[in-house]
Amino acid sequence: MNICRTYKQRRKNVDAKRNNPAENIAERKIVVTRVFNAPRELVWEAWTNPKHVANWWGPNSFTTTIEKMDVRPGGVWKHVMHGPDDTDYPSSSVFKEVVKPECIVFSHGGSREGGPGVHFIATWTFEALDNKTRVTMRMVFDTAADRKTVVKEYNAIEGGNQTMDRYGKYVRKLSEQVA
């Protein structure tokens, strides 16, 4: 049984209960997809190994310090994104499901000090396509208002696209080192 599908179904059920009927899930999510020209195992390694993640996580011009990253169900991930204006954005997440090399689900509850404290569930899937990998990031916020906050205050859609682009460039670099 595919654990990620089971999780997605449970999540849909939870969402249905929590969901305000006036807000459908499309109003609460952000989805970013890319196809990387690298095998899934390498793409997975770049996402799950903290020494790699520090090289690509975050939008353009950001750097990231990984404080703790325990990629297993119940494991904690704490990191700080450092903005180009010297603002720090501490984040804290808990991994809910990890199915190597298919998917990672984590609950994100972090925010910068004094920030809005927005919570979301992130699901990253890694689909093998011959020697390529389709990576999809889905973030589902508790409310449409939370989604609007991060889009407006943090430019989250562009930031997600930039993060995925940086991830792809880093995977390409790793792939060239392995070849």
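Just so you know, residue 1 is the first one in the sequence shown, and it goes up from there. Hydrogens, waters and symmetry mates play no part in the numbers below; they use all other heavy atoms, side chains included.
- With 3.5 Å as the limit, one finds no donor-acceptor pair spanning the side chains of T64 and H79.
- Counting only heavy atoms from C-beta outward, the side chains of H108 and S92 never approach each other to under 4.5 Å.
- Between K78 and S91, every side-chain heavy-atom pair lies at or beyond the 4.5 Å cut-off.
- Between W124 and F126, the ring planes are parallel. Angles under 30° get that label, and only those over 60° would be called perpendicular.
- Distance check: Q162 CD to S61 OG gives 7.5 Å after rounding to the nearest 0.5 Å.
- Two residues are said to be in side-chain contact when any heavy atoms from C-beta on lie closer than 4.5 Å; V31 and M137 fail this criterion.
- A continuous path of hydrophobic side-chain contacts links M139 to Y89 [ILVMFWY only; heavy atoms under 4.5 Å].
- Between the side chains of H82 and T65, a donor-acceptor pair is found at a separation under 3.5 Å.
- For the residue pair N55 and R166, no side-chain donor N or O sits within less than 3.5 Å of a side-chain acceptor on the partner.
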Trace of the side-chain contact (heavy atoms from CB on, under 4.5 Å) decision for N37 with S175: CA-CA 8 Å; N37 191 19; S175 184; over 6 Å; no
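- Taking each heavy atom of K96 and P73 in turn, the nearest pair found is O-CB, 3.7 Å.
- In this structure, Y170 and A46 approach most closely via the heavy-atom pair CD2-CB, 4.4 Å.
- Contact annotation: the side chain of V135 approaches that of Y167 to within less than 4.5 Å [non-hydrogen atoms, C-beta and beyond].
- Contact annotation: the side chain of T133 never approaches that of V35 to less than 4.5 Å [non-hydrogen atoms, C-beta and beyond].
- Within the model, atoms CZ of R134 and OG1 of T33 stand 7.5 Å from one another, a figure rounded to the nearest 0.5 Å.
- Put simply, the side chain of T123 does not reach to within 4.5 Å of the side chain of I104, judged on heavy atoms.
- With hydrogens and angles ignored, the 3.5 Å screen pairs no side-chain donor or acceptor of E102 with any backbone N or O of V99.
- Residues S93 and V76 have side chains not in contact (no heavy-atom distance under 4.5 Å, counting atoms from C-beta outward).
- Looking at N161, its side chain never comes within 3.5 Å of a backbone N or O of M164 through a donor-acceptor pair.
- Rounding to the nearest 0.5 Å places NE2 of H52 at 11.0 Å from CE of M69.
- The structure places CZ of R40 at 12.0 Å from CG of D130, a figure rounded to the nearest 0.5 Å.
- To the nearest 0.5 Å, atoms CD1 (I121) and CZ (F141) are separated by 11.0 Å.
- Side-chain atoms of T87 never come within 3.5 Å of backbone atoms of G83 as a donor-acceptor pair (strictly under, hydrogens ignored).
- Taking the centre of each ring, W57 and W77 come in below the 6.0 Å mark.
- The two atoms that bring P84 and F62 nearest to each other are CD-CE1, 3.6 Å, heavy atoms only.
- Scanning both residues, A156 and I30, for their nearest heavy atoms gives CB-CD1, 4.1 Å.
- For the side chain to side chain contact (heavy atoms under 4.5 Å, CB included) with R34, the qualifying choice from D165, V43, V171 is D165, the only one to do so.
- Residues T163 and W56 meet the side-chain proximity criterion, which asks for heavy atoms closer than 4.5 Å.
- D85 CG: more than 12 foreign heavy atoms inside a 6.0 Å radius.
- The distance from the CG atom of D70 to the OG1 atom of T48 is 11.5 Å, given to the nearest 0.5 Å.
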